[in-house]
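All of these numbers come straight from a predicted model, not from anything done at the bench.
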Protein chains: 4
Amino acid sequence: MGLQERRQREREQRKNSILDAARKLLFENGINGTSINKIAKTAEIGVGTIYFYFENKEEIFVELQMEGIHILNSMLEEAFDSSSDCEVKLKKIAEAYLQFSREQKDYFDMINYFLSSPEIVFAPSLKDQVDKYGKQGVGYLVRAIQDGVDKGQFKKMDSPKPHAIMFWAILHGLVQFRKLKNTILEGEEIDTILEFALNDFIGNLRKV
Amino acid sequence: MGLQERRQREREQRKNSILDAARKLLFENGINGTSINKIAKTAEIGVGTIYFYFENKEEIFVELQMEGIHILNSMLEEAFDSSSDCEVKLKKIAEAYLQFSREQKDYFDMINYFLSSPEIVFAPSLKDQVDKYGKQGVGYLVRAIQDGVDKGQFKKMDSPKPHAIMFWAILHGLVQFRKLKNTILEGEEIDTILEFALNDFIGNLRKV
Amino acid sequence: MGLQERRQREREQRKNSILDAARKLLFENGINGTSINKIAKTAEIGVGTIYFYFENKEEIFVELQMEGIHILNSMLEEAFDSSSDCEVKLKKIAEAYLQFSREQKDYFDMINYFLSSPEIVFAPSLKDQVDKYGKQGVGYLVRAIQDGVDKGQFKKMDSPKPHAIMFWAILHGLVQFRKLKNTILEGEEIDTILEFALNDFIGNLRKV
Amino acid sequence: MGLQERRQREREQRKNSILDAARKLLFENGINGTSINKIAKTAEIGVGTIYFYFENKEEIFVELQMEGIHILNSMLEEAFDSSSDCEVKLKKIAEAYLQFSREQKDYFDMINYFLSSPEIVFAPSLKDQVDKYGKQGVGYLVRAIQDGVDKGQFKKMDSPKPHAIMFWAILHGLVQFRKLKNTILEGEEIDTILEFALNDFIGNLRKV
DNA sequence: GATGAATGAGGGTTCATTCAT
DNA sequence: TATGAATGAACCCTCATTCAT
C-alpha cells in the first residue's frame with residue numbers, strides 16, 4: 001500500500017514535470033515551437049519516458065487545455081459565490097471572464113487556438129474532453145439569472161437559458177475583439193464597451 | 001503592349017493556380033498539412049516557381065485570408081443594401097454573418113484560426129493586412145443603427161458605435177458556439193438563439 | 001563608329017553596374033550571401049542579362065579580385081615612387097601593404113579568401129589571371145633592394161630576389177596575424193611588431 | 001558501469017565515423033561540396049543522427065579544424081624536443097611547419113581556408129575555439145629563443161616575443177607562397193628561400 | 001520503469017542556369 | 001540586346017515515434 005502510494009505519487013510528480021516543461025515551451029514558443037524532444041530536454045528526462053505518461057504529443061496539449069479550463073471555472077465559481085445579489089453575480093462573472101482573458105492570457109490564447117483549429121488538426125476526442133469541463137461554465141449564468149427571476153428581481157421568462165447563452169456570447173465575442181483593436185474596436189476601450197453592454201443587458205432583464 | 005498584357009494575364013493565372021492549390025490543401029488538410037512542396041505538386045509546378053509569386057509561405061495564407069474577408073464583406077454589403085428599413089438591415093446583416101459561417105465554412109474556419117492564433121505563430125504583418133479589410137465590417141452596423149436613429153425608429157443615443165460593437169459581439173460569440181454544441185448550446189439550436197437575441201437587442205434599441 | 005563607340009560605352013556601364021552590385025553584396029553578405037539573383041535585383045536588371053556580360057558567377061568574382069589587386073598595385077607603386085632613398089622605399093612599401101590590408105579590408109579579405117580556398121572550389125583559370133597581376137608586386141621590392149645595393153647603401157649580395165621574397169613573406173605573414181590577436185599576437189600591436197621587423201630586416205641589409 | 005562504458009565507446013565510434021565521412025568529403029570536394037546529406041550518406045547513417053552528435057554543420061568543421069591544429073602542434077612539439085641546441089630547435093620547428101604544409105596539405109589548406117574567411121562566413125565562436133589551441137604554437141618559438149639568450153648563444157634582447165612573431169611570420173608567409181609559384185616565387189624553390197631566410201634570421205640573432 | 005540513440009521523410013527556402021519572347 | 005519566368009535538386013535542420021538495453 002505504502003509502496004503503491006509512493007509509486008503513484010512519483011508518477012504524478014513525473015507527469016507534472018513533463019506538463020511544466022510543455023506549458024513553459026508552449027507559452028514561450030507557441031505550438032510549433034514545442035516538440036517532444038524539447039519538452040524532454042527541458043524536463044530533463046529521456047524522450048522515451050514521455051511516452052510512458054502520454055500516448056502522444058496531442059495528449060499533452062489536451063491536459064494543458066484542461067488546466068486552463070479548470071482555472072477559468074474556478075474563477076467563475078468564485079465570482080458566482082462572491083455575492084448573493086444576482087445582478088452583482090452577473091457582473092462579477094463577466095469581470096471574471098475578462099480577467100481570465102487578461103491575467104491568464106497564455107491559457108486563454110491556447111484554448112482559443114485549439115478550439116478554432118479545424119477538426120482535422122486535433123482529433124474529436126480532445127474536444128469531447130474539453131466539452132465536459134466547458135459545460136459547467138454557462139451553468140453559472142443560468143443559475144444566476146434563474147435566481148433573479150425567482151427573487152422577483154428579473155422579469156419573468158420561459159427559460160433563462162437563451163438569455164444566459166446570449167450573455168455569454170456577448171462576453172466571448174467582446175473578449176475576442178481585444179486582438180482587433182485596429183479593426184473592430186478602433187480605439188474604443190474594451191472595458192468601456194463591456195460595461196455598456198452589461199448595463200444594457202441587465203437593464204433589459206430587470207425591466208417589466 | 002499586347003505582350004505586356006498577356007504577360008500580366010499569364011502571371012495572374014499562375015498566381016491563381018497556386019492559390020487554388022493552396023486553398024484546396026488548406027481546406028482539406030488544415031494548415032499543418034499544407035506545405036510548399038505539396039502546393040507545388042498539386043499545382044503541377046516547380047517549388048521554386050512559387051517563390052516567384054509569393055515571398056514566403058505566409059504570404060499565401062494572407063492572400064487566402066483576404067479572399068475570405070472579401071467574400072464576407074460582399075455578403076455583408078449585400079445584406080446592408082437589401083432593404084431600406086434599418087431593422088431589417090440589422091437582421092439581414094446578422095443572417096449574412098451566420099450564412100457566411102455556414103456556407104463558407106472553410107473560409108470562416110480559416111479566418112478564425114488565424115485570428116485566434118497567438119502572435120508567436122504568425123507575424124503581426126499578417127494581422128495588419130487582415131485588419132485593414134476587417135475594419136469595413138463593423139462599419140455597416142454603425143451606419144444601420146445611425147440610420148434608425150436619424151429616422152426616429154431607434155431611441156436617441158450618444159453614439160451608435162458601442163451598440164454596433166455589442167451587436168457584432170453577440171453575433172461573433174454565438175457563431176463561435178456552433179462548435180460547442182455539447183458544451184454551451186447543449187442541444188439548443190443556434191438559429192433559435194440568434195433570433196431570440198436579435199429580437200431582444202433590436203427591441204431594446206426601439207424602446208423609448 | 002559613333003554608334004559602335006556608344007554601344008561600347010553602354011556595355012561598359014552595364015558591366016560596371018553589375019560589378020557594383022556584386023561588390024556591394026560580396027562585402028556586405030560574404031560570398032555565400034551573393035547570388036546571381038540578388039545581384040540582378042540590386043543592379044536592377046534581369047537575371048538573364050548578367051549572363052550576357054559574364055559567362056558565369058565565377059567570372060564576376062575574378063573581375064572583383066582584379067580590382068582589388070589593381071588597387072594594391074597602385075598603392076605599392078605610389079609607395080615605391082614616393083622617395084628616392086631605398087630604405088625609405090622599403091618602409092613605404094611595407095606601410096602601403098599594411099594600409100591596404102586595413103583601409104581596403106574588404107578587398108584584402110576577398111583576395112585572401114579566394115587564394116586560400118582549395119583549388120576545387122575555384123578553377124585554376126581564376127588563379128592564373130590573378131597571378132599575372134600579382135607578379136608585379138614583388139617586383140618593386142626587388143628593384144628597391146637592388147637600388148640600395150647599386151648605391152652602396154646595402155651590402156653586396158648574389159641576388160636581391162631571396163631578400164625581397166623574405167621581406168614580402170614577413171609582411172604577408174604579419175598582416176595575416178591581425179585576425180589572430182588572441183592567438184599569436186596575444187595583445188601585441190601589429191604595428192609595433194612590423195616596425196621592429198622592418199628595422200631588423202633593413203638593419204641587416206645595411207650592415208657590412 | 002560496463003554498460004555506460006560501452007555506450008560511451010559506441011558514441012565515440014559513431015562520432016568518429018561521422019568525422020571520417022566529413023573529412024573525406026571536405027578534402028575531396030571542398031567546403032561547398034560537403035553537405036550534411038552527403039556526410040550522412042557517406043557515413044551510412046540517417047541525417048538526423050548527425051544532429052545527435054553535432055549541434056550543426058559548423059561544429060563538425062570546428063572538430064576537423066582541431067584535428068589539424070592538434071597534428072600541427074604535435075609536429076611542432078616533437079621538433080622542439082628533438083634537440084637541446086636552440087639553433088637546431090628553431091630550424092627543426094621551421095622544417096616541421098613546412099613539412100606539415102606539405103604532408104598534411106589537406107589539413108593545412110582547411111585551416112587556412114577557415115582562418116582567412118571573412119567573419120561573416122563562420123561565426124566567431126569557431127575562431128575562438130581554434131584560437132585556444134593555436135596559442136601554443138608560437139609558444140615553442142618564444143621558449144627556444146629565450147633558451148638561446150639564457151645560454152648566451154643569442155644576443156641579449158628585451159623580449160623574445162617580437163623575434164618569435166617575426167620568425168613565425170616569415171614561415172607563415174613563405175608557406176603561403178607555395179601556391180603562388182608563378183607570382184611571387186616565379187620559379188624559385190621554396191626550400192631554398194626558407195633556408196636562406198633561416199640563416200639570415202638566426203645569424204642575426206647570433207651576432208653581437 | 002526509464003533511457004536515449006536512431007530514423008528519414010519532410011519542413012521552408014535558395015540557387016545558377018536556361019530559353020522563349 | 002534584354003528580359004524574367006521556370007526549374008527542381010540541393011541546402012540545413014526538425015520531427016514524432018520506436019525499441020533494444
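- The distance between atom CG of C:N29 and atom P of E:dT14, rounded to the nearest whole Å, is 13 Å.
- In this structure, D:I50 reaches neither bases nor backbone, as no heavy-atom distance under 4.0 Å exists between it and the strands shown.
- With rounding to whole Å, A:I39 atom CD1 is found 16 Å from E:dG4 atom C1'.
- For C:K24, the NZ atom sits in a loose shell: 12 or fewer heavy atoms of surrounding residues, nucleotides or ligands are nearer than 6.0 Å.
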Treat a base pair as Watson-Crick or G-U wobble with both distances under 3.5 Å, then lay out DNA chain F in dot-bracket form, 5' to 3', with | for cross-strand pairs.
.||||||||||||||||||||
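- Following rounding to the nearest Å, A:I31 (CD1) and F:dT14 (P) show an atom-to-atom distance of 18 Å.
- For C:F52, whose side chain is taken as the heavy atoms from C-beta onward, the closest listed nucleotide among E:dA6, E:dA2, F:dT1 is F:dT1.
- Of the candidates C:R7, C:R14, C:R6, C:E10 forms a salt bridge (Lys or Arg N to Asp or Glu O under 4.0 Å) with just one, namely C:R6.
- Rounded to an integer number of Å, the gap from CG of B:N32 to P of E:dG12 is 9 Å.
- Note that the OH atom of A:Y51 and the CD1 atom of A:I18 stand 11.0 Å from one another [nearest 0.5 Å].
- Under the rule for a side chain to side chain donor-acceptor pair (under 3.5 Å), the partners of A:D20 that lie at least two apart in sequence or sit in another chain are A:R23.
- Residues D:L26 and D:I60 form no side-chain contact, since every pair of their non-hydrogen atoms from C-beta on lies 4.5 Å or further apart.
- Looking only at side-chain heavy atoms (C-beta outward), C:I36 and C:F54 stay at 4.5 Å or farther from each other.
- Between the NZ atom of C:K41 and the P atom of E:dA16 there is a distance of 13 Å, rounded to whole Å.
- E:dT3 atom P lies 9 Å from atom CD1 of A:I18, rounded to whole Å.
- With rounding to whole Å, D:K38 atom NZ is found 16 Å from F:dC13 atom P.
- Side-chain contact check for A:E58 versus A:F61: every heavy-atom pair is 4.5 Å or farther apart.
- Cation-pi check for B:K105 over B:F27 is not met; the charged atom does not lie both under 6.0 angstrom from the ring centroid and within 45 degrees of its normal.
- Projected onto DNA chain E by closest heavy-atom contact, D:R14 and A:R11 fall at different nucleotides, the more 5' of which corresponds to A:R11.
- Annotation: of the two residues near DNA chain F, B:T49 and C:Y53, the 5′-most nearest-nucleotide partner is C:Y53.
- When each of C:D106, C:L64, C:I69 is tested with C:I111 by the rule side-chain contact (heavy atoms from CB on, under 4.5 Å), just one qualifies, namely C:I69.
- When the C1' atom of E:dG12 is taken as reference, atom CD1 of B:I60 falls 11 Å away, rounded to whole Å.
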Nucleotides 16-21 of chain F: protein proximity per nucleotide (B base, S sugar-phosphate only, - neither; heavy atom, under 4.0 Å)
BBB--S
